[in-house]
Amino acid sequence: MSGCASASFGSRKEFVTVEATGYCKCGECCGWRRNLLLQPVYAYGPMKGERKKVGVTASGTKAKKGTIAADTSVFPFGTKMKIPGYGSGVVEDRGGAITGHKIDLFFRTHKQALEWGRQMVRVEVIRP
Ligand SMILES: [Zn+2]
């Protein structure tokens with residue numbers, strides 16, 4: 001009998017401490033504003049002025065509760081996470097400022113996103 005047999009043997013589960021920031025689909029959170037025709041456009045960055053699909057993630061899914069934005073070189077699309085105080089989610093989005101062990105958690109309202117704010121959390125990661 002091996003005394004050091006790990007409970008995670010054979011599983012892809014791991015625990016990672018990340019900085020988790022709340023966001024919603026509003027312009028303040030996602031960097032968009034409306035142009036003169038009231039169309040959503042990027043407010044800044046290399047895409048400034050270009051049309052933006054509000055509430056659609058980088059992987060093409062609709063942003064909803066449980067949508068996580070991450071650095072996909074660290075946590076690829078489809079990575080599942082269990083976040084204490086938030087629940088389960090899946091990496092479906094990314095963002096320029098989201099690098100390394102940082103994630104953004106989608107909330108339905110701006111108020112809920114602000115209430116979460118920014119927290120260091122130890123999340124369970126299940127890679128695809
Ligand atoms: Zn917002």
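All figures in this text were calculated on a predicted structure; none of them were measured in a lab. Counting from 1, the numbers follow the sequence of the chain as shown. Indexing begins at 1, ligand by ligand and atom by atom, following the structure's order.
At most 12 non-hydrogen atoms from other residues, nucleotides or ligands lie less than 6.0 angstrom from CD of E28.
Within the protein, the N, O or S atoms sitting under 2.8 Å from the Zn ion (ligand 1) are C24 SG, C26 SG, C29 SG, H110 ND1.
Evaluation of the salt bridge (charged side-chain N to carboxylate O under 4.0 Å, His left out) test over residues 91-105, restricted to residues two or more places apart or in two chains, returns K64-E92.
Other members of the hydrophobic cluster containing M81, listed by chain and number, are V16, V18, Y23, I68, V74, F75, F77, I83, Y86, V91, I103, L105, F106, F107, W116, V121, V123, V125; membership follows side-chain contacts under 4.5 Å among ILVMFWY residues, whether direct or relayed. In the hydrophobic clustering (ILVMFWY side chains linked at under 4.5 Å, chained through shared members), W32 is joined by V54.
R118 and T21 share a side-chain donor-acceptor pair at under 3.5 Å.
C29 and C24 make their closest contact through CB-O, 3.3 Å (heavy atoms, listed as atom of the first residue, atom of the second, distance).
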